[in-house]
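The structure under discussion appears below in the form of structure tokens.
Hydrogens, waters and symmetry mates play no part in the numbers below; they use all other heavy atoms, side chains included. Letters A, B, ... mirror the listed sequences (proteins, then strands); counts begin at 1.
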Amino acid sequence: MKCSGVICPEFSSMTRRNHPKMEPASLRTELERILSATIDDIWGNQIPDGFQVTVSGSDNLEFGDLSCQSALKLARIVHDNPRRSASMIVERIEGELPWISSVSVDGPGFINFSLSLQYLVSVSGMLAFKGLKSLLPDIGNGRKALVEYVSSNPTGPLTVGHCRQAVLGEAISSLLEATGWEVSREYYFNDTGRQMMLLGMSLAARYEAIDGGEAEIPEGGYHGDYITEWALELRDEQGSDLSWENNSTAFITFAKERAMEMIKSDLSLLSIEFDRYFAESELIPDAVRSTIAKLSSIEIDGKSLVYPDNDDKEKLWLRFTSLGRPTDRVIVRDNGMYTYRLPDIAYHIDKFSRGYDLMIDVFGADHLDTSKDVTAGLEILLGSSTVSDKLTIIIHQFVTLVREGRKIKMSTRAGEFVTLRKLIHDAGSVDVTKYLFLTRRAEAHMDFDLDLARKESNENPVYYVQYAHARISGIMRTAKEAGISLPDEHTAVSADLLDGEHERELMRLLELVPSRTAAAAEAREPHRLTEILADLATGFHRFYQHVRIVDSDDPDASSVRLMLCEACRRSISGLLEILGVDAPERM
RNA sequence: GCCCCCGUAGCUCAGCAGGAUAGAGCGGCGGUUUCCUAAACCGUAGGCCACAGGUUCGAAUCCUGUCGGGGGCACCA
């Protein structure tokens, strides 16, 4: 880690001569390295091993562009006034830093850096000519990630809750892709067991009711109108001679296929496509049996992890209490069917065996308890460090629907739910729906007022952002008509032409975009992108208000200002693309 | 009873791996278009960051407790 003389000769010459461009992510890394080396130089072995030096964007322009708090954190370690420590650091590095125009010690001991104009111009140029993605750090570095989301069982249309999850999972996937991960999107569904049986029986009941039979939907069955529609379709296709007693498989298969079609069509409204739909039946019987065998072979405190029920030997329990969970659970029922937890553990083992470096599950709050059990099971089978290193479970809270000021209780089985389709219709557009969900972080509850949906959508911040994009696109058209184009990509732009207060403010905002986006990716928090977008839109609108961009009397200055606009436009469109929201050229 | 999430401006929510005067959108009030899209911009009002302790040079952010709201605790998924 040590670097003699603080500034590596290679780095110094590289940045100053051979490598005229510096990317924001690299600049931060280099600053951190230089600061870290300087601190090591001054205080040497007083510094503990894990001491992290970080450079982050300043909150306020008064404090420069980038800020380092290390001197404050150092105070406790070296027992000195943080301002004095900061000054000692600054003395050593001042004037030696590439791309930095000034360094100062402010407040209680912050070290603040101002970025040089030339650097800011060069970053804006990279954004304008190469786009946002080219400046995002390659965090994944080709590693493979699997994101599992939606995973709703084929029993009916997707609802509002699924919509939130779909949008969230898709945005996380895209965000990972944008930062260098190779992402597979996977949808896991249960196509066996009790729910499918109930679905088939519900369809059979509606089918028989067509010809006047008494429709008896079984207890716990499905009451949605769509079942009746399927029943009519089934009769059109296969006549009216089917009966549940003789043709149960036909009913179940028909319902299951219709449900999956419905779900895929709902997902296509959101432009979501999965790489794989993984059916639970693929795990039965081999994968599940081998999972039971592995779990059975484990003993904790002299007790087998799997044990038979006292009354019924066919029924098997998993001793979750030995794994730190509150209660043991049945994993195989007396009729030989598996409960949810067992195939789910088997499914995750399958995922782990496929060699992913990162696996993300996006679940609703109802999965909280079971997902903890599943994780505990995986940890005992695969080792807790393997699981914690590779598996991340994101639990999002539910959407509460409000209509006429009252909360609506939703139930898919009772047929009382608001579909994803209806939600999109009420909100007025797909973009609005997506953006609305994405402005909240996953763990925040969300009230969705259906009566206000459309009204709110007109005031939705997505239009504010899209408008900025459309406005810039308009400026590009105007510039073209006036014969003004972007500067040449390979010729250095004269920074003097952008030496204004408003230009600098916008460039500084742009410079922050790649690192803020990368931070959002590492936190798996796509809602942060909506914050960046709002900042960019505000920044641009303000810039536009104060600065005349296309000016036929001054084509050179117009051209470089146009470059800033283009940098802004491509930043906005790049972020919107990650969120799956359209970036319109006109509004 | 156990577990999870939330409590920040009138409303919906950001900010929370501690840091320098707490933010946005919408709503309120008042301004700004002979000029590249006014779906914009500028100004202004509005906050004991639920409450109480604790840790710290420093807490909206971390810890503990209390209160309030939501959700989950199937041999459904």
What about [X], does its side chain sit under 3.5 Å from the base of [N] through a donor-acceptor pair?
X       : N       : value
N112(A) : rA20(B) : yes
S67(A)  : rA20(B) : yes
H445(A) : rC5(B)  : yes

Nearest listed nucleotide, side chain of [X], among [options]:
X       : options                   : value
D369(A) : rA20(B), rC41(B), rG72(B) : rG72(B)
A444(A) : rC13(B), rA38(B), rC5(B)  : rC13(B)
Q397(A) : rC3(B), rC36(B), rC5(B)   : rC5(B)
V550(A) : rC36(B), rC4(B), rU21(B)  : rC36(B)
D366(A) : rG72(B), rC41(B), rA20(B) : rG72(B)
D106(A) : rA20(B), rU21(B), rC41(B) : rA20(B)

(request) Under 4.0 Å between any heavy atoms, over every strand shown, what does T530(A) touch: base, sugar-phosphate, or nothing? Just pick one. (result)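 Counting heavy atoms under 4.0 Å across all strands, no contact is made by T530(A).
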
(request) Kindly compute the distance separating CZ (R194(A)) from CZ (R333(A)), expressed to the nearest 0.5 Å. (result)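 Between atom CZ of R194(A) and atom CZ of R333(A) there are 6.5 Å.
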
(message) Syn or anti for rU8(B)? Use the chi torsion, O4'-C1'-N9-C4 for purines and O4'-C1'-N1-C2 for pyrimidines, with syn inside 90° of 0.
(response)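 For rU8(B), whose glycosidic angle is more than 90° from 0, the conformation is anti.
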
(message) Quick check: on RNA chain B, is the nucleotide nearest S473(A) upstream (toward 5') of the one nearest D309(A), or the reverse? Name the residue that is more 5'.
(response) S473(A)

(request) Starting from the 5' end of RNA chain B, give me the residue, T538(A) or R528(A), whose nearest nucleotide shows up first. (result)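 Mapping each residue to its closest nucleotide by heavy atoms, the 5'-most match is R528(A).
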
(message) Between P on rC42(B) and CZ on F540(A), what's the gap in Å once rounded to a whole number?
(response)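 To the nearest whole Å, that distance equals 13 Å.
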
(message) According to a cutoff of under 5.5 Å between the ring centres and under 30° between the ring planes, does F110(A) stack with the base of rG19(B)?
(response)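 The base of rG19(B) is not stacked with F110(A) (the test needs centres under 5.5 Å and planes under 30°).
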
(message) Could you check whether R504(A) pairs with D65(A) (Lys NZ or Arg NE/NH1/NH2 to Asp/Glu carboxylate O, under 4.0 Å)?
(response) yes

(message) Looking at rG15(B), I'd like to know if its phosphate oxygens (OP1 or OP2) sit under 4.0 Å from a side-chain N or O belonging to R441(A).
(response)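 True: R441(A) side-chain N/O within range (under 4.0 Å) of rG15(B) OP1/OP2.
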
(request) Please give the nucleotide sitting opposite rG27(B) as a Watson-Crick or G-U wobble pair, both distances under 3.5 Å, or none. (result)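 Answer to the pairing question: none, since rG27(B) forms no Watson-Crick or G-U pair.
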
